[in-house]
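Accompanying notes for the structure given below.
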Amino acid sequence: MPATLVVGTQWGDEGKAKVIDFLSKDTDIIVRYQGGANAGHTVVVHGKKYVFHLVPSGVIYDQTTCVIGNGVVLDPMFFIEECDKLQSEGFPVYDKLLISDACHLLFPFHGLVDSARESVSSPGRKIGTTKKGIGICYADKMMRIGLRVGDLLEDDFESRLNHLVEEKNAELGKLYGIEKISTKEIVDRLKYFNSKVRKNIVNTAFYLDTQLKAGKRVLLEGAQGTGLDVDFGTYPYVTSSNPTTGGAFIGSGIAFQYLKSVIGITKAYTTRVGEGPFPTELEGEEGEKLRALGQEYGATTGRPRRCGWFDTEVLRHAVRINGLTSVALTKIDVLSAYDKIPVAVAYERNGKKLDCFPSQGLEHVKVIYEEFPGWKTDITGIGEFDQLPSRCKDYVRALEKLIGVRIDLISTGPDRKDTIASCP
Ligand code: GDP
Ligand code: IMO
Ligand code: MG
């Protein structure tokens, strides 16, 4: 049975969870493969809103098993709080959850170092992170000093943690003047995590292979987006993982042969949180108008999202890097207020048209726009492609042509039901 990957094509917050929730009804297993609690994934069902950070968005379906893959950086206490809240809302998460033993543990000192680094960074170097400690935890993983979920089950865990804490205390004290943290406090707090999920810790790469062989349907849930990929995004204004298709294999252990479809989630305009170049960004009142219409405030930090027009260069880059087989277009209802809708169709630098989305120097490009007529009718909740106003259909078709991949799902509102599931 093939696996399906859902990946963000822009700078995150494209509406991935809305689409994942919609697809989860036909799925057995949902896997997070990278990132951590920097993600904020929103699902709305019959008007009730759920925001997920570490728990896969499909957990609210009865038949799904949810997997935290080895590529995730897991803050155990944050995770347990999220699970307890879901459990109290009636979802038996602890019965349907598996955590990779190779998944790296994110401790409070990771967040402290992240926040401290952000507060001392000069304006040009500040990343605008979520301050959750993501980059610091991944750095420890690469330095081979990190601790993994499986280490919790070993006798020498406390002494290994102590070693790491000593190193962090030296860094926090010397560089940022932050007082020492105690190993004991962390160990005490981990007891609750252990008591809740010890039985759920397994080799998830092996588990997924077995399940795929047995014909189970697997959905890989990307966090962040292509523009935030540490290799293919707008470095250094990126996250510290690979949200793109390559990262899905590494972060889950699934073999590439299983992956048959890669769905790129794409907002009908563009947003970005934090620092970094954004060619189609709207400044001032224009930006505020789009932010208000789209309710663009971060699901994790509450920060206002920067807003701008749709950028087909960004999308063509995402299509190529991820090998997208189709695109799901979200939030098209937000554009209903506009008379004219500009779309970025190309970039120029020093008077020359660029071949592709550049690896660097994005802040120097000049954007070439094409303008499309608006439809000026509320389309919220429309569930059939034929019911869309003709100008809206033309907009969708034009985007499809410009990005070179089929748009086969359209989201017309935040609720599960506000979805056009098939486009002719
Ligand atoms: P994710 O991180 O990609 O899962 O996206 P977020 O949940 O951070 O942000 C997307 C926001 O847009 C959430 O508040 C969703 O409820 C909302 N949303 C998703 N799809 C649509 C849509 O088609 N129309 C509207 N108006 N809102 C949507
Ligand atoms: P979802 O999964 C939007 C951004 C941060 C910052 C940069 C680095 O909800 O789409 P980090 O804390 O990861 O070191 O921050 O990445 N960022 C996101 N922006 N959506 C996200 O996740 C994001 N996760 C990280 O704002 O610019
Ligand atoms: Mg989000």
Side-chain angles (χ1 to χ4, degrees), residues 7-8 10-14 16-17 32-42 51-54 71-79 81-82 103-143 145-146 164 168 171-172 175-178 181 222-244 247 251 270-278 281 291 296-308 314 360 362-363:
V7 70
Q10 295 155 318
W11 280 283
D13 303 327
E14 297 91 348
K16 295 179 290 296
R32 270 287 304 270
Y33 60 86
Q34 49 69 234
N38 49 351
H41 292 179
T42 317
V51 182
F52 302 96
H53 299 284
L54 275 163
V72 171
V73 284
L74 186 84
D75 176 338
M77 297 327 296
F78 188 99
F79 182 66
E81 264 174 44
E82 193 175 341
C103 177
H104 273 253
L105 287 164
L106 188 148
F107 296 109
F109 48 77
H110 290 123
L112 289 174
V113 177
D114 192 358
S115 301
R117 283 178 61 85
E118 282 286 285
S119 62
V120 298
S121 296
S122 58
R125 295 302 298 171
K126 195 170 133 75
I127 306 294
T129 73
T130 57
K131 299 184 180 171
K132 301 281 182 197
I134 305 295
I136 315 301
C137 188
Y138 277 118
D140 282 358
K141 172 178 176 175
M142 291 306 169
M143 290 214 297
I145 57 171
L164 185 58
K168 294 293 167 184
E171 183 182 348
L172 282 168
L175 292 178
Y176 309 112
I178 294 175
I181 40 182
Q224 289 78 54
T226 307
L228 292 170
D229 186 279
V230 69
D231 287 274
F232 298 108
T234 47
Y235 191 89
Y237 301 103
V238 292
T239 191
S240 298
S241 68
N242 294 109
T244 44
T270 314
T271 62
R272 157 158 225 179
V273 203
E275 308 297 318
F278 181 174
E281 181 168 15
R291 181 178 311 127
E296 295 294 352
Y297 294 90
T300 297
T301 58
R303 288 179 293 177
R305 295 175 182 148
R306 298 158 63 193
C307 298
V314 170
Q360 55 193 67
L362 188 62
E363 59 280 26

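The residues of the chain are indexed from 1 along the displayed sequence. In this text, all values refer to a predicted model and were calculated from it rather than measured experimentally.
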What's the shortest heavy-atom distance between Val7 and Thr244, and which atoms? CG2-CA, 4.0 Å
Heavy-atom side-chain proximity of Leu74 to Leu54 below 4.5 angstrom: yes
Please name the pair of heavy atoms, one in Gly222 and one in His41, separated by the smallest distance, quoted to 0.1 Å. O-CE1, 3.6 Å
Looking at residues at least two apart in the chain, or sitting in another chain, which of them share a ring-ring contact (aromatic ring centres under 6.0 Å, His included) with His53? Phe78
Interatomic distance, NZ@Lys141 vs OG@Ser240, rounded to 0.5 Å, equals 11.5 Å
Is there side-chain contact between Leu228 and Gln10, with at least one heavy-atom pair below 4.5 Å? no
Is any side-chain heavy atom of Pro108 less than 4.5 Å from a side-chain heavy atom of Ile181? no
Pairwise side-chain contact, Glu118 with Ile127, heavy-atom cut-off 4.5 Å (strictly under): yes
Close side-chain approach of Val113 and Leu172, heavy atoms under 4.5 Å: yes
Leu164 side chain reached by Lys168 side chain, heavy atoms, under 4.5 Å: yes
Salt-bridge contact Arg305-Glu296 (side-chain N to carboxylate O under 4.0 Å): yes
What's the spacing between Phe109 CZ and Cys137 SG if we round to 0.5 Å? 8.5 Å
Can you see which heavy atom on Ala299 is nearest to which on Thr42, and at what distance? CB-OG1, 3.9 Å
Between His104 and Asp140, does any side-chain donor sit less than 3.5 Å from a side-chain acceptor? no
Arg32 versus Val72, closest heavy-atom pair with distance: O-CG2, 3.5 Å
Sequence neighbours excluded, which residues qualify as side-chain hydrogen bond (donor to acceptor under 3.5 Å, both in side chains) partners of Glu281? Arg306
Quick one: does Phe52's side chain get under 4.5 Å of Glu82's, heavy atoms only? yes
Looking at every heavy atom in both Gly71 and Tyr138, which two are closest together, and how far apart are they? O-OH, 2.7 Å
Measure the shortest side-chain to side-chain distance between Gln224 and Asp13 over non-hydrogen atoms and say whether it is less than 4.5 angstrom. no
Smallest separation among heavy atoms of Val273 and Pro304, with atom names: CG1-O, 4.4 Å
To the nearest 0.5 Å, what is the distance between CD1 on Ile136 and CG on Leu106? 9.5 Å
With a sphere of 6.0 Å drawn around OH of Tyr235, does it hold more than 12 non-hydrogen atoms of other residues, nucleotides or ligands? no
Are the ring centres of Tyr237 and Trp11 closer than 6.0 Å? no
Not counting sequence neighbours, which residues clear side-chain hydrogen bond (donor to acceptor under 3.5 Å, both in side chains) with Arg125? List them please. none
